[in-house]
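The chains referred to below are lettered A, B, ... by the order of the sequence lines, with proteins before strands, and numbering in each begins at 1. For the numbers below, each heavy atom of this structure counts, side chains included, while hydrogens, waters and symmetry mates do not.
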Number of protein chains: 2
Amino acid sequence: MSVNLSKAHNLAWRKFLTAHVTLIERIERDLATAELPPLSWYDVLFALSEAPERQLRLHELAQAVLLSRSNVTRLVDRLEVAGLLQREQCKRDRRGAFAVITVEGLAMLECMWSVYESGIVKYFACHLDATEVKLFTKILNRMTSISDL
Amino acid sequence: MSVNLSKAHNLAWRKFLTAHVTLIERIERDLATAELPPLSWYDVLFALSEAPERQLRLHELAQAVLLSRSNVTRLVDRLEVAGLLQREQCKRDRRGAFAVITVEGLAMLECMWSVYESGIVKYFACHLDATEVKLFTKILNRMTSISDL
DNA sequence: CTACAATAGTTGCATCTGCAATTATCTCAT
DNA sequence: ATGAGATAATTGCAGATGCAACTATTGTAG
């Protein structure tokens, strides 16, 4: 609230932004090189694979991947066309639909993860020792607490 | 390189991603509420204001804001239409063009900064004490060193 | 039971993005 | 000087994004 942004904090913020784009770019590049879909697809597949019965209502999925609803509709469209998931009518609520991950989706998830994981390791994790990783996570947790609005 | 991603590191990575979208969303929301342009415009204006003679070649601008070239062409289009900068022919290299920030651009920069700065403070900086901010920056610097490719 | 508000998902629209191809100009070795 | 290759910026295109409007269904207060 108070307008007192130190040089050091400002620098940290800019570094935060540039580090993010750089790391994402590197990982997306690795995925593209392996002829795999983008990270957004991974997020969807991952969320579904973790969900009970490997399915989620679309609005739950939207929350899980931090995307707007309209976006999820069309993202799910694409994944469905690619055969990685299926829509399924919800019995209890006839407005609703589930996205259910398919066998092909699970295979793709695994395939993407092998590239993704190695990217996380070599671009991100290898720069954090055991102490730092704890602190790093703790700091980010603070920032995303709801108290900030 | 080695595929050994610990639970803790994986969690840190996911937190890194969610924190980024959350913080950006909050700041973009504050800007939109104040009827100001998005962050990408700020980045352009800031880069120009810092540059010698308050102007940059478009490819320099592209690098400064970490955007692809075609993107910069059109981003500059929009800012030019809004009167925040002007294109100027380069004498030495007739292929080239400069983007020069205008007086209106400088005013807009200042106006956006007041909102942006307070966002950085209340969503980000206030969660980092003097020690943490140093370590945080150091870690991110490591990650974006060129050694990783 | 009914009417009003809330919610789920989709769609239209305008904008934004990256990639690849294009045009124009520059550099440099021969 | 000139021709091959690099570089600067733009453009076409396909895809992705957020917002607001829309349809359909559900929940709820009276």
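Residues of residues 92-102 of chain A that place a heavy atom closer than 4.0 Å to DNA chain C, in numerical order, are A:R95, A:G96, A:A97.
Straight-line distance from the CG atom of B:D77 to the C1' atom of C:dT15: 13 Å, rounded to whole Å. For A:E60 and C:dG9, the CD to P distance is 8 Å, given to the nearest whole Å.
Residue A:V76 is the one, among B:S40 and A:V76, whose nearest nucleotide of DNA chain C lies closer to the 5' end (criterion: closest heavy atom). Mapping B:L75 and A:V72 onto DNA chain C by nearest heavy atom places A:V72 closer to the 5' end of the strand. When each of B:R57 and A:P38 is assigned the nucleotide of DNA chain D with its nearest heavy atom, B:R57 is the one assigned upstream, toward the 5' end.
The neighbour count for A:E104 CD, taken as heavy atoms of other residues, nucleotides or ligands under 6.0 Å away, is above 12.
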Pair A:H20-B:L17, side-chain contact (heavy atoms from CB on, under 4.5 Å): steps then yes or no: CA-CA 8 Å; A:H20 180 264; B:L17 295 184; 4.0 Å; yes

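With values rounded to the nearest 0.5 angstrom, A:E28 atom CD is found 11.0 Å from A:L36 atom CG.
Applying the side-chain hydrogen bond (donor to acceptor under 3.5 Å, both in side chains) test to residues at least two apart or on different chains, none of the pairs has a partner in residues 45-57 of chain B.
Using a 4.0 Å cut-off between charged side-chain N and carboxylate O, B:E132 and A:R142 make a salt bridge. Contact check on B:D77 versus B:R87 returns a salt bridge, with a Lys/Arg side-chain nitrogen under 4.0 Å from an Asp/Glu carboxylate oxygen.
Nucleic acid contact class of A:R74 (heavy atoms, under 4.0 Å, all strands): base.
Between A:H59 and C:dT7 there is no side-chain N or O to OP1 or OP2 distance below 4.0 Å.
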